[in-house]
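Both ligands and their constituent atoms are indexed starting at 1 by order of listing. FYI, the numbering just counts along the sequence from 1.
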Amino acid sequence: MVCGRNNKSYLKSQNLKIIGQNTLRGKVKISGAKNSALVLLAASLLTKEKIILDNVPLLTDIEKMGNILKNLGVKLQKKDHQVIIDSKNLSIQELPFELVNGLRASFFCIGALLARFGEASIPLPGGCNIGERPINEHINGLRALGAEIIIEREVVKATLVEKKSKLFGANIRLNCPSVGATETLIMAASLAEGRTVIENAAREPEIQDLCQMLNKMGAKIYDAGKEKIIIDGVQNLHGCSHKVIPDRIEAGTFLIAAAATSSSITISPVIPIHLEAVLKKLEESGSKVFIKGNSISINGKSINAVKIKTAPFPGFPTDLQAPFMALMTIAKGRSMISEKIFENRMNHVALLNKMGASIVVNNNIAHINGVKKLKGTDLIGTDLRSSAALVIAALVSENVSNVYGLEHLDRGYEEFEYKLSKLGVNIKREFKNGLFNNKKDSLENELEVNIEAA
Ligand code: EPZ
């Protein structure tokens with residue numbers, strides 16, 4: 001799978017050139033959910049039979065996960081947005097660090113590999129730009145299911161307790177409703193002996209999508225999407241076909257872009273209930289929202305300051321905190337955004353301030369004084385959702401912006417600039433070899449200074 005339209009992207013030498021003061025109009029097609037497709041690919045390891053996944057987004061993260069599965073001996077057939085996974089000849093071996101580095105979702109394979117083979121070795125996923133990203137909830141839950149786990153030289157080695165041939169069901173209470181831990185434990189428990197109950201489980205739509213596919217494969221999972229999930233282990237799981245749900249975070253990003261540019265657009269397909277908290281805040285801030293089946297239309301009007309606290313689903317999603325902050329930079333009044341999920345998810349603040357925003361961060365709470373306008377400039381994304389926030393800010397800015405760091409953006413937004421240009425945005429991807437590196441280096445130095453100031 002390649003990312004973007006018909007070209008293998010050499011992401012580090014590219015930038016998006018955006019002419020500001022845009023109005024969006026028309027319809028945009030929402031792709032399959034990155035955070036669902038990744039875990040569904042991991043779940044395909046649970047069966048020897050074929051899994052046919054449709055609506056898989058063309059993203060670099062998906063490409064990375066595909067390479068990880070291929071490294072384990074899985075056969076992948078890809079055709080447009082369809083992936084056929086055949087893990088009949090799966091060979092258990094330690095995943096090389098360079099393959100899993102930078103893709104946290106690769107760690108979610110541990111539950112499936114342990115359930116199928118009784119052993120798994122996966123490098124520690126490590127932290128990233130938004131936080132330390134611990135895995136204690138995954139480890140504690142797998143131990144409760146009967147796994148022996150040691151961490152040696154940055155590799156997590158899991159095996160079954162001596163003489164046991166399978167994992168066995170257990171009552172597990174998560175300390176925090178971790179999405180990844182819930183997914184890991186559901187996959188592990190699906191082939192365990194007996195019943196597993198996961199309390200304080202994450203309720204995200206991507207977990208519901210995973211359970212829907214696992215139940216199609218013959219699993220017995222009840223109450224997915226609730227705080228308490230029940231899994232009755234089965235002997236084995238068979239193949240199935242499954243369509244990935246629409247990406248609620250991509251959908252929210254486009255809605256926020258429309259609100260910020262006082263535009264009217266329609267997005268589909270979406271599952272409106274997945275966006276309830278976001279739609280509520282968009283309406284509170286002055287946009288008009290219309291839901292019709294699997295499409296949502298928004299009419300961006302005034303932009304009033306609102307207060308937001310990110311929370312596990314069905315609360316306001318942390319993945320839309322940065323894009324929504326871009327909207328609040330030009331709101332009337334003083335808004336407040338509290339990031340309650342990740343400890344370092346304010347990387348966009350320094351650059352939004354560089355564009356003329358007025359944001360002060362204190363204890364992971366951003367206090368934003370709305371300004372009349374932003375000015376375009378050279379920008380560098382440092383994580384996926386911060387990069388989306390910078391693009392939104394560039395759309396409303398007075399002049400030209402160049403957004404660098406596209407290796408982040410291309411992880412989670414399929415054909416982002418193509419979709420924006422179809423909505424009327426004056427945007428294009430530029431390929432600058434040599435010159436780019438100097439520009440990015442000087443930007444990074446400048447940013448270092450900014451971050452200290454913010
Ligand atoms: C998933 O990450 C998503 N990634 C993230 O999306 C998303 O932001 C996050 O869930 C929260 O919704 C994928 O699904 C691939 P968590 P995950 O475990 O599972 C703490 C994006 O932009 N925690 O729910 O890693 C952790 O520190 C990405 O698309 C523990 O303490 O998130 C964090 O504070 C970014 N111990 C909180 O839970 C653990 O063992 C939420 O993390 C695990 C997590």
Return the closest protein heavy atom for [atom] as residue, atom name and distance.
{"atom": "atom 36 (N) of ligand 1", "answer": "N136 OD1, 2.7 Å"}
{"atom": "atom 15 (C) of ligand 1", "answer": "N35 OD1, 3.4 Å"}
{"atom": "atom 32 (O) of ligand 1", "answer": "F342 CZ, 4.0 Å"}
{"atom": "atom 18 (O) of ligand 1", "answer": "S178 OG, 2.7 Å"}

Taking only non-hydrogen atoms of P134, do any sit less than 4.0 angstrom from ligand 1? yes
Shortest non-hydrogen contact between [X] and [Y], atoms and distance:
{"X": "N294", "Y": "S268", "result": "O-CB, 3.4 Å"}
{"X": "C240", "Y": "M213", "result": "SG-CG, 3.7 Å"}
{"X": "A357", "Y": "L374", "result": "N-CD2, 3.7 Å"}

Can you confirm whether the side chains of [X] and [Y] place a donor and an acceptor under 3.5 Å from each other?
{"X": "E339", "Y": "N364", "result": "no"}
{"X": "E206", "Y": "N35", "result": "no"}
{"X": "S31", "Y": "E414", "result": "yes"}
{"X": "H348", "Y": "Q321", "result": "yes"}

At a non-hydrogen distance cut-off of under 4.0 Å, which region of [X] contacts ligand 1 (side chain, backbone, both, or neither)?
{"X": "I341", "result": "both"}
{"X": "R345", "result": "side chain"}
{"X": "R385", "result": "side chain"}
{"X": "D319", "result": "side chain"}
{"X": "R104", "result": "side chain"}

I need the atoms of ligand 1 closer than 4.0 Å to a non-hydrogen atom of [X], numbered in the order shown.
{"X": "C176", "value": "20 (C), 23 (N), 30 (C), 31 (O), 38 (O)"}
{"X": "R133", "value": "2 (O), 17 (P), 25 (O)"}
{"X": "H138", "value": "40 (O)"}
{"X": "T318", "value": "8 (O), 11 (C)"}
{"X": "G180", "value": "18 (O), 19 (O)"}
{"X": "K34", "value": "21 (C), 29 (O)"}

May I ask you to decide whether K428 forms a salt bridge with E417, counting only side-chain N to carboxylate O separations under 4.0 Å? no
Using a strict threshold of under 4.0 Å (side-chain N to carboxylate O), is an ion pair present between R104 and D61? no
Sidechain-backbone polar pair: S106 side chain, L103 backbone, donor-acceptor under 3.5 Å: yes
Keeping the roles fixed (side chain from T47, backbone from L237), state whether a donor-acceptor pair exists under 3.5 Å. yes
For atom 40 (O) of ligand 1, which candidate among E206, E204, E137, M65 provides the closest heavy atom? E137
When only distance counts, is V179 in polar contact with ligand 1, meaning an N/O pair under 3.5 Å? yes
